There are 2 protein chains.
Amino acid sequence: MAAGTTRRRNPAERALEVREAAKTLALTRGLAAISLRNLATHCGVTAPLIAHYEPNMDALVASTFAAIAEQEIAEVSLHALAPDDALDQLRALISALADPARDNVGEVWCDAWSLGRKNDPLAEAARHSMDSWHALAIGIIRTGQNAGQFAAIAPERAALVLFALVDATASYQLVNFRSRETRDTLVRETLEDMLDVSLRINDDARNPSTKPTV
Amino acid sequence: MAAGTTRRRNPAERALEVREAAKTLALTRGLAAISLRNLATHCGVTAPLIAHYEPNMDALVASTFAAIAEQEIAEVSLHALAPDDALDQLRALISALADPARDNVGEVWCDAWSLGRKNDPLAEAARHSMDSWHALAIGIIRTGQNAGQFAAIAPERAALVLFALVDATASYQLVNFRSRETRDTLVRETLEDMLDVSLRINDDARNPSTKPTV
DNA sequence: TGAATTATTGATCACCTACTCAATAAGAGT
DNA sequence: ACTCTTATTGAGTAGGTGATCAATAATTCA
């Protein structure tokens, strides 16, 4: 393009570039921004070439969402499962989910629910990644309960509540409802009450009511 | 059209028809389906006429959402505030929110969060209606607490949790995540735990642990 | 009945979407 | 150097979006 010469790339390399462009587009402008033209512009290439690599946009939207979601789950899992103690794991999980750097991913999730109505593979990918998230939380909660650290609520239900709060606040963020602090506090305090723990990171007390008033 | 003659309507009447068409379109095919051509087809009229009455589609999307949301809030408020007892009010509220007839409205809400990112008036309308919902719930919760029926959680927080659960499950429904029963149970049981009440409609016990085992 | 008003239309612009197909040309292998 | 494969393009189809403008025609009012 720049020198008037057509760059001809290794197919695998080009395919990867297109998928990366789709991710970038999704994270910066939403899943709905994934289109042949936007991808083409982003890659400095014509639209038919994109169609050559990705013959179905709905499928690309779905696979792009899956890639973003699964990558985040993998990263957060690694971070959350690093500590040995279940309470520390839960704290790591919550703080990772509250990280403002995650905002873009939250927006993509909201897009996925809305678009999932008309895009079956996308809906399926959403369900699958939701199951992955729940599995992570359930594991942590169960471990903590076995260690006597968490209240004896059904882990499945606690996980559902946790992500319902996280997901709802992600949607709220898109329309600037309430402050980030209010949204984060909603998640944290509800979970604290439900599991009877303190999730403040610099607070070792397992039971807030017995912590010293130094 | 039918007889080859152009029907010329009273402007107020036509404007109303367009607004009604927008509501119908939103509830059946989502907020994103509101377009000049879809509206024109629905009204049996040409697109420029729609533009004549609604010169700005983003604004129409926002006002249509506001109309749907506010109408529902008004109806549910009436239903929920009918009983004298706060517990019965809460039960009425929850059962109204769980009504499958409300599914379409839930989808519209999810659309609103997703589209609200690029449509400021829509985001504003969403925030406003969210505040209305919270006000309704806070009133009921506060009344119940004053009567000693509900646990002493901050009403604002309880309301946030309630609607976070309702909103998240509405999103989940769009991608068929879990069963309706699981989603409804999630809302109900979490609220029961949080306020220490029983929300099953044919159950008068205020404290489940003391109810007779007839 | 005639004139003024205006709801409504047809035509068009400018842009977007996905998708197809034949032609071009870059690079690989011989 | 030559052929072969194929990545890439240009051009086009068929539809979608919002929006504007002058012309038409239905209704209202004088």
Side-chain angles (χ1 to χ4, degrees), chain A residues 1-22 25-26 28-64 111 114-115 117-122, chain B residues 1-22 25-26 28-64 111 114-115 117-122:
Chain A
M1 291 293 262
T5 12
T6 306
R7 316 245 169 189
R8 184 194 173 114
R9 288 204 186 170
N10 177 318
E13 191 184 340
R14 180 69 83 189
L16 182 70
E17 184 192 15
V18 172
R19 276 180 263 129
E20 284 301 318
L25 231 30
T28 54
R29 294 165 55 192
L31 281 183
I34 295 179
S35 72
L36 287 179
R37 287 162 102 95
N38 284 348
L39 288 165
T41 302
H42 193 275
C43 295
V45 115
T46 61
L49 184 60
I50 304 293
H52 174 69
Y53 288 100
E54 296 290 344
N56 185 307
M57 277 303 113
D58 276 0
L60 177 61
V61 168
S63 66
T64 301
D111 290 341
S114 180
L115 299 177
R117 177 179 13 178
K118 305 216 153 191
N119 183 339
D120 277 343
L122 177 60
Chain B
M1 292 289 263
T5 11
T6 307
R7 317 244 166 190
R8 184 193 174 113
R9 287 203 188 171
N10 176 319
E13 191 185 339
R14 179 70 83 188
L16 182 70
E17 185 192 15
V18 172
R19 275 179 265 130
E20 284 301 316
L25 229 32
T28 54
R29 294 166 52 195
L31 281 183
I34 295 178
S35 72
L36 287 178
R37 284 163 179 73
N38 284 347
L39 288 165
T41 301
H42 194 274
C43 295
V45 115
T46 61
L49 183 61
I50 304 293
H52 173 70
Y53 288 99
E54 295 290 344
N56 185 308
M57 276 303 113
D58 276 1
L60 177 60
V61 168
S63 67
T64 301
D111 289 341
S114 181
L115 299 177
R117 178 179 14 179
K118 305 215 153 194
N119 183 338
D120 276 344
L122 178 59

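Remember, predicted model here, so these are calculated numbers, not experimental data. Protein chains get the first letters and strands the later ones, always in sequence-line order, with residue 1 at the start of each.
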Exercise. Would you call A:V45 and A:V18 a side-chain contact if the rule is heavy atoms closer than 4.5 Å?
Worked result: no

Seminar exercise, completed: Expected list for residues 55-63 of chain A near DNA chain C, using heavy atoms below 4.0 Å, is A:P55, A:N56, A:M57

Problem set entry | Terminal helix-axis angle for the helix from C:dT1-D:dA30 to C:dT30-D:dA1, with five pairs defining each axis and rounding to 10 degrees | 10°

Exercise. Could a donor-acceptor pair under 3.5 angstrom be found where the side chain of B:R9 meets the base of C:dT8?
Worked result: no

For this session: Would you please name every residue forming a side-chain contact (heavy atoms from CB on, under 4.5 Å) with A:S63, sequence neighbours left out?
Result: A:L60

Problem set entry | Residues which pass side-chain hydrogen bond (donor to acceptor under 3.5 Å, both in side chains) with B:R37, listed by chain and number, not counting sequence neighbours | none

For this session: Give me the residues of residues 30-42 of chain A where at least one heavy atom lies under 4.0 Å from an atom of DNA chain D, by number, or none.
Result: none

Exercise. Roughly how far apart are B:S35 OG and B:R29 CZ, rounded to 0.5 Å?
Worked result: 7.5 Å

For this session: May I have the step-by-step check of side chain to side chain contact (heavy atoms under 4.5 Å, CB included) for B:D111 and A:R117, ending in yes or no?
Result: CA-CA 10 Å; B:D111 289 341; A:R117 177 179 13 178; 2.4 Å; yes

Problem set entry | Distance, rounded to the nearest Å, where B:R8 contributes CZ and D:dA25 contributes P | 13 Å

For this session: To the nearest Å, give me how far apart CG (A:N10) and P (D:dT6) are.
Result: 13 Å

Only pairs under 3.5 Å count here: list side-chain donor-acceptor contacts from residues 47-59 of chain B, not counting sequence neighbours, and write none if there are none.
from, atom 1, to, atom 2, distance (Å)
B:N56, OD1, B:D58, N, 3.0
B:N56, OD1, B:A59, N, 2.9

Exercise. Which nucleotide in the set D:dA7, C:dG10, C:dT5 lies at the smallest distance from any side-chain heavy atom of A:Y53?
Worked result: D:dA7

